[in-house]
There are 2 protein chains.
Amino acid sequence: MAQTDTVTRILDTAEVLFAERGFAETSLRTITSKARVNLAAVNYHFGSKKSLIQAVFARYLDPFTVRFHHALDELEAQHADGVIPLEVLLETMARTVLDVPAERHSLKVFMKLLGLAYSQAQGHLRRYIQDEYGSVFSRFTDLVRLATPDLPDSERFWRLHFVLGTVIFTLSGLDALRDIADKEYQEHVTVRDLIRRLRPVVVAAMNAPLPPPPMPKAEAS
Amino acid sequence: MAQTDTVTRILDTAEVLFAERGFAETSLRTITSKARVNLAAVNYHFGSKKSLIQAVFARYLDPFTVRFHHALDELEAQHADGVIPLEVLLETMARTVLDVPAERHSLKVFMKLLGLAYSQAQGHLRRYIQDEYGSVFSRFTDLVRLATPDLPDSERFWRLHFVLGTVIFTLSGLDALRDIADKEYQEHVTVRDLIRRLRPVVVAAMNAPLPPPPMPKAEAS
DNA sequence: TCCGGCTGGAAACGAGTGTTTAAAACATAA
DNA sequence: TTATGTTTTAAACACTCGTTTCCAGCCGGA
């Protein structure tokens, strides 16, 4: 117990600081001093700062993938025809995302980390996440294809990234937006609140009418 | 001409590097060596790295605000009742955003910078943009309020940022997504193409049904 | 000719970075 | 106990960072 105590304290401190300031802006000295462990402990237990960053993500994403696979298993069992309604798929994903940090303590940190994974230009992180957790995501998109048979493949591809952009952009810039919303509308917004607002918007976006076919040939640009 | 040449070369180089790697990850030495100017030139001409970052933004945002104000002036003149349809407002903003980098080099850079301004927001940048360009944005949101009288103020605020996230996320990550789409669906997508696909999605998102009222929460978060 | 004024350039400064080292402290098993 | 492997510690290493200094060059006006 005492041996893993240092590791846990480093991870707990690092994830908060990373979420607040980003990766490059958070030094190992800041982490270790705030966690009250020795500076060398990070390199001893994790090997490098990069590995620490990946470990922070793994602590959230590993339980997430397990839970999400289980949830999708149940859904597929319930829908013998293999077609799961889009709303159910989105709802399941949102619920799984919300459940994971429930056993840990901060949902906000998890959300900010997801945003950082895209916005911060850490090439190694994107590769790591893609390699380690890409399979869950493609299983999800396969189910979305079954749920939206009328959508051309390319249109569904783009719309999924549209809504992905909405979610990630909103959550990664959450603090800034929340500050404005707080003093502008006098209502403090939680992450759960945001997801409640996001759901109808996302569903409407996915079910939007198809765009008009591309103009045959206007002026070149 | 020779006197401003150094300044221009620094700005041209800095905006590309910032867009590619972010602010903290781009050192002044990388910028000055790639721009083939002396290291001290940045501090001589701009004062500090912070001021350089702000100057990079100003070079895009200054022309943008001028054009956008003019465009809104024309719209208000055309619609004497003061109510401009939502689609027209969105279309106008999109056209203005697309026009500005046309006279400069890169739409991609402009989009990535906008994304960075939110996600990687150093405090000083957010404050600078808010102070310097907040008035145009609030003029726009005022017009959107007139166009969507049924939407509660806070709901409209969040939905505007939802669609802002969609646009910025999609356009700033355009090349990566385009590469996937190209070889997955064998159709090369242009920016015009993307805007065509974005329009119905954005309109549907803004007009989505209202979310259910928040559940009274027993647990705090 | 000399002159202040800008601009350009090499070098250095001081602070901060991730990482490594080597010794000390600890725990556990023989 | 001694021996063994693991963990912690303080110190140093080898950078890179933004910024500053100081001096050489250039300029048009006296």
Side-chain angles (χ1 to χ4, degrees), chain A residues 1-59 113 116-117 120-128, chain B residues 1-58 113 116 120-128:
Chain A
M1 180 190 298
Q3 58 173 330
T4 62
D5 187 42
T6 300
V7 171
T8 305
R9 271 222 305 287
I10 291 175
L11 287 173
D12 288 344
T13 310
E15 68 176 24
V16 172
L17 292 176
F18 284 155
E20 283 176 354
R21 325 181 186 185
F23 304 117
E25 294 83 354
T26 305
S27 72
L28 292 185
R29 281 171 178 81
T30 308
I31 296 173
T32 53
S33 75
K34 189 157 192 176
R36 285 176 328 189
V37 301
N38 189 269
L39 167 62
V42 168
N43 284 279
Y44 175 78
H45 286 287
F46 297 94
S48 67
K49 188 181 180 181
K50 285 184 182 179
S51 304
L52 169 63
I53 295 174
Q54 295 177 0
V56 166
F57 274 85
R59 206 161 59 138
L113 289 178
L116 284 179
Q120 298 254 140
Q122 303 265 6
H124 74 96
L125 223 194
R126 205 166 6 229
R127 252 177 283 121
Y128 170 78
Chain B
M1 178 192 295
Q3 57 174 330
T4 61
D5 188 42
T6 300
V7 172
T8 305
R9 272 223 303 287
I10 291 176
L11 287 173
D12 288 344
T13 311
E15 69 176 23
V16 172
L17 291 176
F18 284 154
E20 283 176 354
R21 325 181 185 183
F23 304 118
E25 294 84 353
T26 305
S27 70
L28 292 186
R29 283 171 176 81
T30 308
I31 296 173
T32 53
S33 73
K34 190 157 190 174
R36 285 177 329 193
V37 301
N38 190 268
L39 168 62
V42 169
N43 284 278
Y44 176 77
H45 286 287
F46 297 94
S48 69
K49 187 181 182 180
K50 285 184 182 178
S51 304
L52 170 63
I53 295 175
Q54 295 177 359
V56 165
F57 274 85
L113 289 177
L116 284 179
Q120 205 160 347
Q122 274 112 315
H124 75 95
L125 223 195
R126 194 155 59 215
R127 252 175 283 121
Y128 170 77

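Atoms considered below: every heavy atom in the structure, side chains included; atoms not considered: hydrogens, waters and symmetry mates. Chain letters run A, B, ... following the sequence lines, proteins first, then strands; residues in each count from 1.
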Please report the closest heavy-atom contact between B:Ser27 and B:Lys49, naming both atoms and the distance. CA-NZ, 4.5 Å
Rounding to an integer number of Å, can you tell me how far A:Arg9 CZ sits from D:dT7 P? 15 Å
Assess whether a salt bridge exists between B:Asp12 and B:Lys34, defined as any Lys/Arg side-chain N lying under 4.0 Å from an Asp/Glu carboxylate O. no
All N/O pairs under 3.5 Å across the protein-nucleotides 23-25 of chain D interface:
none

How does protein reach along nucleotides 10-20 of chain D, written 5' to 3' as B (base within reach of a heavy atom under 4.0 Å), S (only sugar-phosphate), or - (no contact)? B-B----BBBB
Please test B:Leu11 against B:His45 for side-chain contact (heavy atoms from CB on, under 4.5 Å), starting from the C-alpha separation and ending with a verdict. CA-CA 11 Å; B:Leu11 287 173; B:His45 286 287; over 6 Å; no
Contact check, side chains of B:Asn43 and B:Leu28, non-hydrogen atoms, under 4.5 Å: yes
Parallel, tilted or perpendicular: ring planes of A:Phe23 versus A:Phe57, cut at 30 and 60 degrees: tilted
Using only side-chain N and O atoms of A:His45, determine if any of them is under 4.0 Å from OP1 or OP2 of D:dT6. no
Please report the C-alpha distance between A:Leu52 and A:Ile31 in whole Å, then the side-chain angles of each, then the deciding distance to 0.1 Å, and finally whether the side-chain contact (heavy atoms from CB on, under 4.5 Å) criterion is met. CA-CA 11 Å; A:Leu52 169 63; A:Ile31 296 173; 4.1 Å; yes
Taking atom CZ of A:Phe18 and atom CD1 of A:Ile53, what is their separation to the nearest 0.5 Å? 4.5 Å
Approximate separation, where rounding is to 0.5 Å, of A:Leu125 CG and A:Leu116 CG: 9.0 Å
Does B:Thr30 reach the main-chain N or O of B:Thr26 with its side chain, forming a donor-acceptor pair under 3.5 Å? no
Under the rule of Watson-Crick or G-U wobble with both distances under 3.5 Å, where | means paired to another strand and [ ] a crossing pair, DNA chain C maps to |||.|||.||||||||||||||||||||||
Starting at OH of A:Tyr44, measure out to CG of A:Asn38 and round the result to the nearest 0.5 Å. 12.5 Å
